[in-house]
Amino acid sequence: MDFIDHITISFTSLRSNVFRTFFSTLGIIIGVMAVVALLGIGKSAQRSIELSFDSFGSNSIYVVPGQQSDNFGPPNLADTFTLSEVDRFIDYPKKYIEGIAAQTFTNFRVQYGNTTESQTILGSHGDYIEIQNFEAEYGRLLTKKDSDQRAKVALVGPDLIEDFFNGENPVGKTMRINGTSFTVIGVFKKKGTSSFDNPNDDIMIPFTTYSQYLVSGDNLSLVSVEAIDPKFVEQAKDETRSILRKIRGVGTNQEDDFTVRDSGEILSSINQITGIFTGFLSSIAAISLLVGGIGVTNIMFVSITERTKEIGLRKSIGAKNRDILIQFLTESIMVTLLGGIIGICVGIILSFIASKLLDLPTEIYLDAIGLGVLFSVIIGLIFGIYPAQKASKLNPIDALRYE
Amino acid sequence: MLISLKNIHKSYTIGSGSYLALKGVNLQIEKSEFVAIMGPSGSGKSTMLHILGCLDTPSEGTYHLNGKNVGTLNDNELSTIRNSQIGFVFQSFNLLPKFSVLDNTMLPFLYSDVPKNERKKRAVESLEKVGLGSKLDNKPNQLSGGQIQRVAIARSLVMKPNIILADEPTGNLDTKTGDEVMDIFSRIHSEEKATIIVITHEPEIAEYTDRTIMLKDGLIVNDTKSA
């Protein structure tokens, strides 16, 4: 009896019970689907995070106001940086730091032509453009001159061309932000995005202009610092801390009223969160696979009881115990493999949908498909072996008499 | 000598006691004999069939099949003997309902080393012998009881076994189709020189055979050859 014979027999018997086969494999479908979707979405998210950090560079350091005990607590707004603090920091003699930038953002109503929409307005100061590696797609970038003159100019994200400027190149056009007229001087090149941050639909203006026309006060919520070289990130962090303590007048026995992090730390804390998410989905997958496997064992026992006479007949015409064992094992593996294949398809569709919704890059991961197939075969084997063994050990005389 | 039973005993343990189904059977059957084994229920007929068919082994005594002592064989060897030397025909037919007539007939090949390209040809030949050459693709539920039993006979023939063992083959059929089935056995016996052993409790069925063995309480009480 060869492999093809086994497959044919199993297929014939499964085909005669389409609904039962489908429902018995539902747990496997859900489990494999979870595994595939998990790997797909997880990897897309991972890639997009890495992409967006690549564009920042690995020598970036971030300073946020307030002492953050955990990684993602809200910043303490009372301790925001003022424009003069940032300017003093920029003018301070430094050894390991080559660029300093500061930013803040708020949503304002923006009017262009007949359209009025709420948009994110980002006020940038210092070497923001350089640190974030912005490049011009059309027009030019913001300059120090714009900042010094408090010019009413704006650099806009490429997504806004379609979403806001009706597909026209906005360079040279005028729009009103919170009632004040601004001239669009450039569109920057598309940047890497993540679900946490999409700069491509931001409107960027000099912070000096921002604080004069849009808000009262000059509070900056984030300071970015660029180390002269990735290998001096730690020194640059220490330098940043000591300079900011002096500028902000933090006493020697007092704790910092700001938090300094490098991009690696931020990346690892984001990874930690995606790790929790991944772990949660993995345990759902594992539980469904376990429950699905038990369902398969159960349905195999039902099938074997129903076919006791068939087993008796097969033995009487010469089937060896091993033949019966392999027959039922093939059947349980085919049930789980079928569930696995359906699960892989649904999982791929789900990760496509999720990637679209979360605006992540979509890719099909061959290892997810491979893992799905592997899992379903292994589960068919593990959860099918016990019933198959029982079937193979049936006494042919008793089996033939079974009604 | 094809079949030689010497002092065969078979006991079953039921609960704490034991039950003796065969109490010392001696029997010899030659090649190409057509034999009926008769007896009331509880006489040991079924036990005889199981032992002759290598589905069971005797508790005591020796069974030589074609010169080989069956008592010394293991499970796998007994399976091989059932596959190649014995063709079973059952009272309840035992066809697989999802499989076609042809596939049912080819079933024993699955457990044999008959080359794949010969299987279909041999199965069709067997089905033609029982007059079902035109029903190859039908499912069992499209056939009458008599036709179903003829498929089962074709299945028992495909491996060209030494012995065909039929257990009450007409028990589920009316008299007329029962006679048709027995006619087929007679024809196979005369044309193929096959050894056929029929277990029955109906004297009319036994009349088709050349030799009738009567069992009672686990012993042979009569063994007559008809002229």
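We name chains A, B, ... by the order of the sequence lines, and we start the count at 1 in each one.
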* To do: Mark yes when over 12 heavy atoms from residues, nucleotides or ligands other than B:K216 sit less than 6.0 Å from its NZ; otherwise mark no.
  => no
* **More than 12 heavy atoms of other groups within 6.0 Å of A:F301 CZ** => yes
* Residues from residues 49-70 of chain B approaching chain A under 4.5 Å (heavy atoms) -> B:H50, B:L55, B:D56
* To do: Report, by ascending residue number, the residues of residues 85-97 of chain B in heavy-atom contact with chain A at a distance under 4.5 Å; give 'none' if the set is empty.
  => B:F88, B:F90, B:S92, B:N94, B:L96
* Is the NZ atom of A:K309 crowded by more than 12 outside heavy atoms at less than 6.0 Å? -> yes
* Asked: Do A:F22 and A:L14 come within less than 4.5 Å of each other through their side chains, counting heavy atoms only?
  -> no
* How about B:K129 and B:I188: do any of their side-chain heavy atoms sit closer than 4.5 Å? -> no
* Structure fact -> Sorted by chain and residue number, the side chain to side chain donor-acceptor pair (under 3.5 Å) partners of B:T177 (sequence neighbours excluded) come out as B:D174
* **Set of side chain to side chain donor-acceptor pair (under 3.5 Å) partners for B:S79, sequence neighbours left out** => B:R82
* For atom CD1 of A:I4, is the number of surrounding heavy atoms from other residues, nucleotides or ligands below 6.0 Å larger than 12? -> no
* Any donor-acceptor pair under 3.5 Å linking the side chain of A:S351 with the backbone of A:G347? -> yes
